[in-house]
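Right, one structure below, let's go through it.
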Amino acid sequence: MDRGSRAPVDYRRRSQSGHESMRWSKAFIPTLREDPADAEAISHKLLVRGGFIRQLAAGSYSMLPLGQRVRRKVSEVIRGEMDRIGGQQMHLPALHPAEIWQRSGRWYDIADDMFRLKDRKGTDHVLGMTHEEIFASLATELFSYRDLPQIWYQIQTKFRDEPRPKSGLLRVKEFTMKDSYTLDIDEPGLDSGFDKHREAYFRIFRRIGLDPVAVEASSGIMGDGESVEFMMRSPAGEDWIITCDGCDYRANVETATSALEDIADGESSGLERFPTPDLTTIKALAEAHPETAAADHQIKTLVYYVGEEPVLLLLRGDHELQEQKLKDRLRSEDVRPGQPDEIRELLGADPGSLGAVGVEGVRVLADLALQGRENMVTGANEDGWHYSGVDLERDANVGEWVDLRAVEDGETCAVCGATLSRWKGVEIGHIFKLGTKYSKAFEAFVQDEEGVSHPIIMGSYGIGVERAMAAVVEANNDESGIIWPVSVAPYEVVITVIRPDDEVTMAAADALYDELVEAGVEVLLDDRDERPGVKFADAELIGIPYRVTVGPRGVESGALELVERRGMEKSEAPLAEVSGELVEVITAARFGV
RNA sequence: CGGGACGUAGCGCAGCUUGGUAGCGCGCAGCGUUCGGGACGCUGAGGUCGCCGGUUCGAAUCCGGCCGUCCCGACCA
């Protein structure tokens, strides 16, 4: 380093409090004036523009200083609430030997979502996408009912080879998850741990500035017990949620049901073939034969493959298949629509003329809405021909009657009869009753009072930290930028210095800074040599909850301007009272609502 | 995986149709004037035009392949 010519350090500009100043001029906060071209979601745009995150690759983001501070605070809120319900924090490896996943079977059940790699010896490993296996193997060191219940958790990096990362932090390949696990000897214990988590999740989300809706959900690959998702309304959401306007029925469309009105089938005329040249859609057929083939009088026939096995799915003509329901019913994730050539080979016709009438040797699943219906219209498995007068019970080999259809907006609630609404939500948390799948696989058994062994009953509970952080932004922003709740704000106060080159002004700002820091407030001192407009705009963009403006004008008059980011309401306070006022309002808000 | 779009300076973009060795705005550096809501002047730095190959005297531009990123559909915290 060049010693001789270096200018002496200007000690007057350093904080007197002994704390290291967080001066904006020295901070790495790369704000952008324009929206990044590849961002769509509001949280994605604002987090990049505000200098919180930068993309490294698709679904892979660096947390810059501001982003890391928010992430840490979100984690802390979660940690506090987990501890409050008796959770014990651990930290497990992210790198797992394949063996442990083979033991639970998920090595084989999970297809491409899991990152797999080999070590130098050629041994298979995975990057953990969740940690049921590891916790279950630790649970083998529990032996007695006296050891239960346990709540174990960690806040750890998860890896998922997402087919389609998107929307900034909302869907990524590497993220931090708080995952907790309850270990109980019986169902009431599981219920209790589950309820504790439900309550804790509401507290967590409300504290960080979200308004969660708990909905009934499908468990997917996790198991088949009860499962509740915490959703936040947002256009950036990827799930459709059905909620009742009249009662508290709330469900993901993946499991949602509704009440259907009865449809008059009319006089049954008996099975009859009729020509339908060039009529290959439900709509076209309905228009050509409005009196007999209205959409809700047709049977929609879909060919799906479960692994190698073809399955015929029958739905009412105006209904849509909900694929997750099919997967849950079939207990398989390996479910896909048939290819045109496969379909032709199976049924002898192209999509548009398919039906289940007379089909032998193929598994047929029919939707509940078709049960008891007669006088329907369906394809005859010959291009250009359909059947009328179809009575499924009589004319087809329906193996199972199951719920397969997707509920639509405006349908009727099966519980109370009111109207159902459908809206988009971001999944910010998910809690599952796992049961004994993993404890059995890992032989995690405990003995009861009588000395009888029981597999431990597990529950599994997740919150995506960065996703929650993005959700907070989705829910808390305006045209100027982010509006962080105090509970997770990267800084609580920003002191905007209007003329940092003016010694008196800068000294006043430094003094205020010291006072606030002494009082334990997290302050960012904007001492940059920028025009006021730039500083105001940046402060609003990064969303600091409170701003104090310190300029020659205010210092001279003895009254400083105070602005609350939410609502942008301005007030004035005597210079000597500013810090006291801020400390009061911030202390009150810090814990979150 | 299927469909669509894009890839040129840190960011946002033009140039490509009609080949001649790269330009605009913002940002950045220096100097000066400014300074309570994204200032102005002057000077300047910064680019393997995603990668590989082909056509051509000559390729950001034409052709082929690959890679990457985003968006729309099927998956999950």
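Model, not experiment: these values are computed from the prediction. Scope of the values below: all heavy atoms of this structure, side chains included, with no hydrogens, waters or symmetry mates. Here is the naming used below: chain letters follow the sequence lines, and residue numbers restart at 1 for every chain.
When the C1' atom is used for both B:rG15 and B:rC24, the distance is 10 Å, rounded to whole Å. B:rC62 and B:rC16 have their C1' atoms separated by 10 Å, given to the nearest Å. Nucleotides B:rG25 and B:rG44 place their P atoms 15 Å apart, quoted to the nearest Å. On the C1' atoms, B:rU55 is 11 Å away from B:rG64, given to the nearest whole Å. For the C1' atoms, the distance linking B:rA60 with B:rC49 amounts to 5 Å, nearest Å. The C1' atoms of B:rU48 and B:rA9 are separated by 13 Å, rounded to the nearest whole Å. Comparing B:rC63 with B:rU17, their P atoms sit 9 Å apart, to the nearest whole Å. Remark: the separation of the C1' atoms in B:rC13 and B:rG47 is 15 Å, to the nearest Å.
Contact annotation: A:Arg531 side-chain N/O to B:rC40 OP1/OP2 distance is not under 4.0 Å. For the pair A:Lys166 and B:rC72, the criterion of a side-chain N or O lying under 4.0 Å from OP1 or OP2 is met.
Checking B:rA77, B:rG38, B:rG12 against every side-chain atom of A:Glu34, the shortest atom distance belongs to B:rG12. Checking B:rC75, B:rG36, B:rG38 against the side-chain heavy atoms of A:Glu162 singles out B:rC75 as nearest. With B:rA74, B:rG36, B:rC75 as the candidates, the nucleotide lying closest to the side chain of A:Arg171 is B:rC75. Residue A:Glu540 places its side chain closer to B:rG37 than to any other of B:rA39, B:rC76, B:rG37. Minimum atom distance to the side chain of A:Arg467 is reached by B:rA77, of the listed B:rA74, B:rG25, B:rA77. For A:Val172, the side-chain atoms get nearest to B:rA77 when compared with the rest of B:rA77, B:rG36, B:rG37.
Atom CG in A:Asn252 sits 6.0 Å away from atom CE in A:Met231 (nearest 0.5 Å). Between A:His197 atom NE2 and A:Phe202 atom CZ the span is 14.0 Å, to the nearest 0.5 Å. Between the CD1 atom in A:Ile431 and the CZ atom in A:Arg198 there is a gap of 5.5 Å [rounded to 0.5 Å].
For the side chain to side chain contact (heavy atoms under 4.5 Å, CB included) criterion with A:Val402, the lone passing option out of A:Leu326, A:Leu365, A:Asp367 is A:Leu365.
Taking a 6.0 Å sphere around CG of A:Asp112, one finds it holds 12 or fewer heavy atoms contributed by other residues, nucleotides or ligands. Counting heavy atoms of neighbouring residues, nucleotides and ligands inside a 6.0 Å radius, atom CD of A:Glu556 does not exceed 12 of them.
Put simply, the side chain of A:Met177 does not reach to within 4.5 Å of the side chain of A:Gln154, judged on heavy atoms.
Panel note: side chain A:His131, backbone A:Ala94; no donor-acceptor pair is recorded below 3.5 Å. Under a 3.5 Å cut-off, the side chain of A:Lys178 and the backbone N or O of A:Ile78 do not form any donor-acceptor pair.
On a pure distance criterion of 3.5 Å, a polar donor-acceptor pair joins the side chain of A:Arg547 and the base of B:rG37. In the interface, the side chain of A:Asp239 is paired with the base of B:rC76 through a donor and an acceptor atom under 3.5 Å apart. Between the side chain of A:Arg553 and the base of B:rC35, no donor-acceptor pair under 3.5 Å is found.
Under the stacking criterion of a centre-to-centre distance below 5.5 angstrom and an interplanar angle below 30°, A:Phe536 is not stacked against the six-membered ring of B:rG36.
One can place CD of A:Gln55 at 14 Å from C1' of B:rC11, the figure rounded to the nearest angstrom. The separation between A:Tyr304 atom OH and B:rA74 atom P is 9 Å, rounded to whole Å. Rounded to whole Å, atom P of B:rC75 lies 15 Å from atom CZ of A:Arg160.
Heavy atoms of A:Ser480 sit nowhere under 4.0 angstrom from any nucleic acid atom. Among the heavy atoms of the strands lying under 4.0 Å from A:Ala58 are primed sugar atoms or P, OP1, OP2 only; no base atom is included. Counting any heavy atom pair closer than 4.0 Å across all strands shown, A:Gly464 reaches a base atom. Residue A:Val335 is classed as having no contact, given no heavy-atom separation below 4.0 Å to the nucleic acid. Note on A:Gly429: only backbone sugar-phosphate atoms sit closer than 4.0 angstrom, heavy atoms only; bases stay farther off.
In this structure, B:rU18 forms no base pair with any nucleotide, since neither Watson-Crick nor G-U wobble geometry is met with both distances under 3.5 Å. Searching all strands for a Watson-Crick or G-U wobble partner of B:rU48 with both distances below 3.5 Å returns nothing. Pair assignment for B:rG53 gives B:rC63, based on Watson-Crick or G-U wobble hydrogen-bonding distances that are each under 3.5 Å. Here B:rC26 sits opposite B:rG10 as a Watson-Crick or G-U wobble pair (both hydrogen-bonding atom distances under 3.5 Å). Judged by Watson-Crick or G-U wobble contacts below 3.5 Å, the nucleotide B:rC70 has B:rG4 as its partner.
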Quiz item: What's the verdict on salt bridge (charged side-chain N to carboxylate O under 4.0 Å, His left out) for A:Glu540 and A:Arg547, showing C-alpha distance, side-chain angles and the deciding distance?
Solution: CA-CA 9 Å; A:Glu540 282 146 26; A:Arg547 183 181 85 211; 2.9 Å; yes
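Projected onto RNA chain B by closest heavy-atom contact, A:Gln322 and A:Ala559 fall at different nucleotides, the more 5' of which corresponds to A:Ala559. Both A:His44 and A:Arg33 lie near RNA chain B, and the one whose nearest nucleotide falls closer to the 5' end is A:Arg33.
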Pairs under 3.5 angstrom, nitrogen or oxygen only, protein versus nucleotides 13-15 of chain B, please.
none

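Sorted by first and then second residue, the ring pair (Phe, Tyr, Trp, His ring centres under 6.0 Å) pairs with a member in residues 51-84 of chain A read A:His44-A:Tyr61, A:Phe52-A:Trp484; sequence neighbours excluded.
Near-neighbour residues of RNA chain B inside residues 201-212 of chain A, defined by a heavy atom below 4.0 Å, are absent.
The aromatic rings of A:His96 and A:Trp101 lie parallel to each other, with less than 30° between the two planes, well short of the 60° mark.
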